[in-house]
Protein chains: 2
Amino acid sequence: MLDDRKKKVLQAIVEEYINTAEPVSSNALTTNHGLDCSSATIRNEMAELEKNGYLDKTHTSSGRVPSEKGYRYYVDELLNDKDISLEEIKYISSKLETKVNEIEDLTKITANTISEVTHYTAVSIGPKTANQIIEDIKFVLLGSRMMMAVILTDTGLVKETIIKFDEDVTQKQIETMNYMFNNKLKGQPIETIDRPLEDYLYDEMTYSVNVIKPVIEQLKKVIKEDENIYLEGANKSFDLPEFNSLEVAKNFVNILDTKEVVADMLNSGFAEDINVYIGDENKQDELKDFSVVTFKHKVNGKDLGTIGIIGPKRMDYSKVISVMKYINKKLKEL
Amino acid sequence: MLDDRKKKVLQAIVEEYINTAEPVSSNALTTNHGLDCSSATIRNEMAELEKNGYLDKTHTSSGRVPSEKGYRYYVDELLNDKDISLEEIKYISSKLETKVNEIEDLTKITANTISEVTHYTAVSIGPKTANQIIEDIKFVLLGSRMMMAVILTDTGLVKETIIKFDEDVTQKQIETMNYMFNNKLKGQPIETIDRPLEDYLYDEMTYSVNVIKPVIEQLKKVIKEDENIYLEGANKSFDLPEFNSLEVAKNFVNILDTKEVVADMLNSGFAEDINVYIGDENKQDELKDFSVVTFKHKVNGKDLGTIGIIGPKRMDYSKVISVMKYINKKLKEL
DNA sequence: TTTTAGCACTCTTTACTATTGTTTGCTAAC
DNA sequence: GTTAGCAAACAATAGTAAAGAGTGCTAAAA
């Protein structure tokens, strides 16, 4: 357990480092941090904090830099909600209040807003459909060999997909299928569109398997591939001093370019709403040198998409988390 | 007009520079370029090519680098179609033959393929819908205050959008609207969904304007916002030596982050199929230090999307163009 | 016992210099 | 018209010295 002054020193170092990106010297803390003691005393505290693993040094005679343990302690114990300015509040409100027809657009707008306000890069992923409840399925014939399937879920999510057939299909056939699918699926979670449905339909349907098969295949495909990743403000990261290192910049672009990593990163949160991963805490090797804060957008416990902020370990956690909390509150009001 | 040997020298310099990214010395050209003369002779030729603006020097005693005029001459006059390897042909074929249900997916796959084969960053944009002919419009009621509109065009493009109402809507109303819209729009280009339609519908429809208005508004919005940009292989560019310059890297990320620039870039081609923009030839200031090759995917003169390769001015134009030509042929076969 | 001033020591950063190597342009010979 | 040879220009590299920032330790002060 850290005593009061050590906490203050740690907090001061973390915040100073977040602001300046330069190793923090004992001298720098004697002013403007409410620490009423000399640099020598602070040096002693720093030495001990380092011994306990909260701080790192880049070389023997350099200032201190927070270690991952230091950041973690800061996030868990020392974080105070940052005030959001009036302009920011106005900006956020106006953005979130734009009328959207599709939930995924709302997630994108939210990602966009968070990125704009925090000045970090944001990514988002669409809702996980699997456990949403099917409210309605509609099949629409387009021409004679193409159909669109539209699934409406309890959270208002609309998922549509196109299905092509190898033979002509009649309006009658579409209607029968529509009836049967609805009959079987209405009120069921989307993931039901897997095994059991298939057997049932093959048994019941009297006409060509050529018609039902592509429908089932495509629907199965669609419910699995909910990896609709959206990226916002990649360039913002490039203004940060850590991106002067080509290696960092390259790794970053590589991460954003690898959808699997981004999807993994967004889907791997335990907490209900906000998750913070600092450096090595990330499950993805590629992210070991970055920090990630994710925010799950939910309504009635149902996933409506997840937004993630990715930046240097020296991230302004306080700002990011405050903004997310505020946005969460705003979204709940809608 | 350049004499034969000058052409050879220019071509050799361009190709050598494309390969090595290092200024090309007179010595480097004496071997392996079919130039049967000494370095001194080549130096004379180089001096003259420079005087005529085809070559640049980075400093008094450096090798030569092609100028933009040099690249342009190379692209226009000296380009020879590069062979595509058997593996590449196989790869391209297998990628393009994957069954897709939506045209935009095909464009994405094509962009992806070009990026993989050329090792450059690719972007793509969906089809311009405006001049496509409406074949069918279907309205589907989802719940009581939401509707999906599906537009099918003559090129097989399916465009769908969700429309929300402020009051309950009946199936009957949907059907009436569907009939009227089809009546007015079938066989017309999509852009018809603007002024004239509106007047007609307001006149004819007997029931609430609250129902028709959102439909028209949303449809108008959809046909205008066909800026569905897709990015592939951003990280590939970062392996190129020019991206060791932080400024270049940053500019590049900025470009890819600015959808308007990318959209502009993809939409600004005069030629029927393949357009090449070298450095300053780009209409967008941000692209002055890059080269862009775009490829329009068309069927029966109708736009199905455009794919662009963006890379350094020292781009392997020959490879890129050859691959695009081959893919174009392949696409036509489908 | 805790805090602080003072100072030696460590290490980075910057500027400067010398050296090496590459490539050109020019001249004169072929 | 072509080429060999050579001086000059310049980049790149390595090495050195000086300056600056910051720590850790010691001993004195509180």
Side-chain angles (χ1 to χ4, degrees), chain A residues 2-10 12-17 19-67 70 241-242 244-246, chain B residues 1-10 12-14 16-17 19-67 70 241-242 244-246:
Chain A
L2 299 181
D3 64 54
D4 241 38
R5 193 171 60 191
K6 282 206 182 55
K7 283 186 192 172
K8 267 192 181 172
V9 171
L10 179 55
I13 290 177
V14 172
E15 289 173 358
E16 189 74 15
Y17 188 60
N19 278 328
T20 64
E22 297 288 334
V24 182
S25 74
S26 54
N27 229 331
L29 298 189
T30 52
T31 45
N32 289 13
H33 287 282
L35 287 162
D36 213 14
C37 57
S38 75
S39 67
T41 309
I42 293 174
R43 271 204 292 285
N44 291 334
E45 298 286 34
M46 282 162 93
E48 220 159 322
L49 281 166
E50 186 185 350
K51 208 169 66 190
N52 293 325
Y54 294 98
L55 297 178
D56 280 337
K57 258 197 294 203
T58 55
H59 55 88
T60 26
S61 70
S62 77
R64 298 307 205 297
V65 162
S67 68
E242 19 278 284
N244 286 356
S245 149
L246 270 168
Chain B
M1 198 46 212
L2 299 180
D3 64 53
D4 241 39
R5 193 170 60 190
K6 282 205 182 56
K7 281 186 193 173
K8 267 192 182 171
V9 170
L10 179 56
I13 290 176
V14 172
E16 190 74 14
Y17 188 61
N19 278 330
T20 64
E22 298 288 335
V24 181
S25 74
S26 52
N27 227 333
L29 298 190
T30 51
T31 44
N32 290 12
H33 287 282
L35 286 163
D36 214 15
C37 57
S38 75
S39 67
T41 308
I42 293 174
R43 272 204 291 286
N44 291 334
E45 297 285 34
M46 281 160 94
E48 219 160 323
L49 280 167
E50 187 186 348
K51 209 171 62 189
N52 293 324
Y54 294 98
L55 296 179
D56 279 337
K57 256 197 297 203
T58 56
H59 56 90
T60 25
S61 70
S62 76
R64 297 309 204 296
V65 162
S67 68
E242 21 275 284
N244 287 355
S245 149
L246 270 168

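Proteins come first, then strands; the chains are lettered A, B, ... in the order of their sequence lines, and each starts at number 1.
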Notebook entry, point to check: Does a nitrogen or oxygen in the side chain of B:S25 sit under 4.0 Å from OP1 or OP2 of C:dT24?
Noted result: no
Item checked: Atom pair distance, as rounded to whole Å: CG in B:L35 and C1' in D:dT2 -> 14 Å
Notebook entry, point to check: Separation of B:L55 atom CG from C:dT24 atom C1', in whole Å?
Noted result: 13 Å
Note to self: Between C1' on D:dT23 and CG on A:L29, what's the gap in Å once rounded to a whole number?
What the structure shows: 14 Å
Check: What residues form a salt bridge (charged side-chain N to carboxylate O under 4.0 Å, His left out) with A:E48, not counting sequence neighbours?
Finding: A:K6
Next item on the list: Could you tell me the separation between the OH atom of A:Y17 and the P atom of D:dG22, rounded to a whole number of Å?
Entry: 14 Å
Next item on the list: State whether the number of non-hydrogen atoms from other residues, nucleotides or ligands found under 6.0 Å of A:K7 atom NZ is greater than 12.
Entry: yes
Margin query: So A:S39, base contact, sugar-phosphate only, or nothing? Heavy-atom distance under 4.0 Å.
Written below: nothing
Margin query: What does the B/S/- profile of nucleotides 14-19 of chain C look like, 5' to 3', with a 4.0 Å heavy-atom cutoff to protein?
Written below: ------
Check: For A:E22 and C:dT13, what is the distance between atoms CD and C1' respectively, to the nearest whole Å?
Finding: 12 Å
Checklist line | For atom CG of A:D56 and atom P of D:dG22, their distance in whole Å | finding: 18 Å
Notebook entry, point to check: Which residues, if any, of residues 59-67 of chain A bring a heavy atom under 4.0 Å of DNA chain C?
Noted result: A:H59, A:T60, A:S61
Notebook entry, point to check: What pairs of residues pass the side-chain hydrogen bond (donor to acceptor under 3.5 Å, both in side chains) test when at least one of them lies in residues 26-36 of chain B, not counting sequence neighbours?
Noted result: B:E16-B:H33, B:S26-B:R43
Next item on the list: Tell me what A:T58 touches on the nucleic acid: a base, only sugar-phosphate, or nothing, going by heavy atoms under 4.0 Å.
Entry: nothing
Item checked: Donor-acceptor contact below 3.5 Å, side chain A:N52 vs main chain A:Y54 -> no
Next item on the list: Calculate, to the nearest 0.5 Å, the distance between atoms CD1 and CD belonging to B:I13 and B:E50 respectively.
Entry: 10.0 Å
Note to self: What is the distance, to the nearest angstrom, from the NZ atom on B:K6 to the C1' atom on D:dT2?
What the structure shows: 14 Å
Checklist line | Non-hydrogen side-chain atoms of A:L2 and A:L49 separated by less than 4.5 Å | finding: yes
Item checked: Rounded distance (nearest 0.5 Å) linking atom OG of A:S39 with atom CE of A:M46 -> 10.0 Å
Next item on the list: Answer yes or no: does a side-chain N or O of A:K57 lie under 4.0 Å from OP1 or OP2 of D:dA21?
Entry: no
Next item on the list: Please answer whether the main-chain N or O of B:T58 pairs with a side-chain N or O of B:S62 as donor and acceptor at a distance below 3.5 Å.
Entry: yes
Margin query: Test of understanding: with salt bridge (charged side-chain N to carboxylate O under 4.0 Å, His left out), list the residues that count as partners of B:D4, not counting sequence neighbours.
Written below: none
Checklist line | B:V14 vs B:V24 side-chain heavy atoms within contact, under 4.5 Å | finding: no
Notebook entry, point to check: Is there a residue in residues 41-50 of chain A whose heavy atoms reach under 4.0 Å of DNA chain D, and which residues are they?
Noted result: A:R43, A:M46
Check: What's the shortest heavy-atom distance between B:P241 and B:A21, and which atoms?
Finding: CG-CB, 3.6 Å
